[in-house]
Amino acid sequence: GFDGELSLPMGTAVQLGLELCDVITVELADGTLSDELVFAGYLIDAGQERKVSILLTRSRDALLGTGLLRGRRIVLDFGTGQAEIVPSQT
């Protein structure tokens, strides 16, 4: 799985004008290694602005990684199609 914080489609990242902050080597699902650009961005988390690391993807889908979900619990309601991310109760 994706253990980073956030992955955005390239087109979305370009529109947001993200700041390049690093280049890292990642291992893909098939075991190959790839150098990836890391951008800095901000999101609102529980009412607070939080700096996050953002990788780019050639996919059209954005991904939330486990790095962004640490200390959180995901509540899925299949009936309504809604997902809620809330603080963990531990």
Exercise answer: donor-acceptor pairs, residues 36-51 side-chain atoms, under 3.5 Å, sequence neighbours excluded:
| unit_1 | atom_1 | unit_2 | atom_2 | d |
| --- | --- | --- | --- | --- |
| E36 | OE2 | S34 | OG | 2.6 |
| D45 | OD1 | R72 | NH2 | 3.0 |
| D45 | OD2 | R50 | NH1 | 3.0 |
| D45 | OD2 | R72 | NH2 | 2.6 |

Review point. Taking E27 for the side chain and L33 for the main chain, is one N or O donor matched with an acceptor at less than 3.5 Å?
Key: no
Exercise for review: Heavy atoms only: give me the nearest D22-L20 pair and the separation to one decimal.
Suggested key: O-CD1, 3.6 Å
Check your understanding: Would V26 and V52 show up in the same hydrophobic cluster when neighbours are defined by side-chain heavy atoms closer than 4.5 Å?
Key -> no
Point to revise | Separation between CD1 of I54 and CG of L16, rounded to the nearest 0.5 Å | key: 7.5 Å
Exercise for review: Taking the side chain as every heavy atom from C-beta outward, state whether D77 and V75 have any pair of such atoms under 4.5 Å apart.
Suggested key: no
Practice item. Any chance you could measure L18, atom CG, to L56, atom CG, to the nearest 0.5 Å? Key: 7.5 Å
Review point. Between D3 and T66, does any side-chain donor sit less than 3.5 Å from a side-chain acceptor?
Key: no
Point to revise | Spacing of F2 atom CZ and L69 atom CG [to the nearest 0.5 Å] | key: 10.0 Å
Point to revise | Atom of S59, atom of P9 and distance for their closest heavy-atom approach | key: O-CB, 3.3 Å
Review point. Does the side chain of L8 come within less than 4.5 Å of L55's, by heavy atoms?
Key: no
Practice item. Working to the nearest 0.5 Å, report the span between CG of D35 and OG1 of T25. Key: 4.0 Å
Review point. Are I74 and V86 linked, directly or through other ILVMFWY residues, by side chains that come within less than 4.5 angstrom of each other?
Key: no
**Study point:** Gap between atom CD of E5 and atom CG of L63 - 0.5 Å precision
**Key:** 13.5 Å
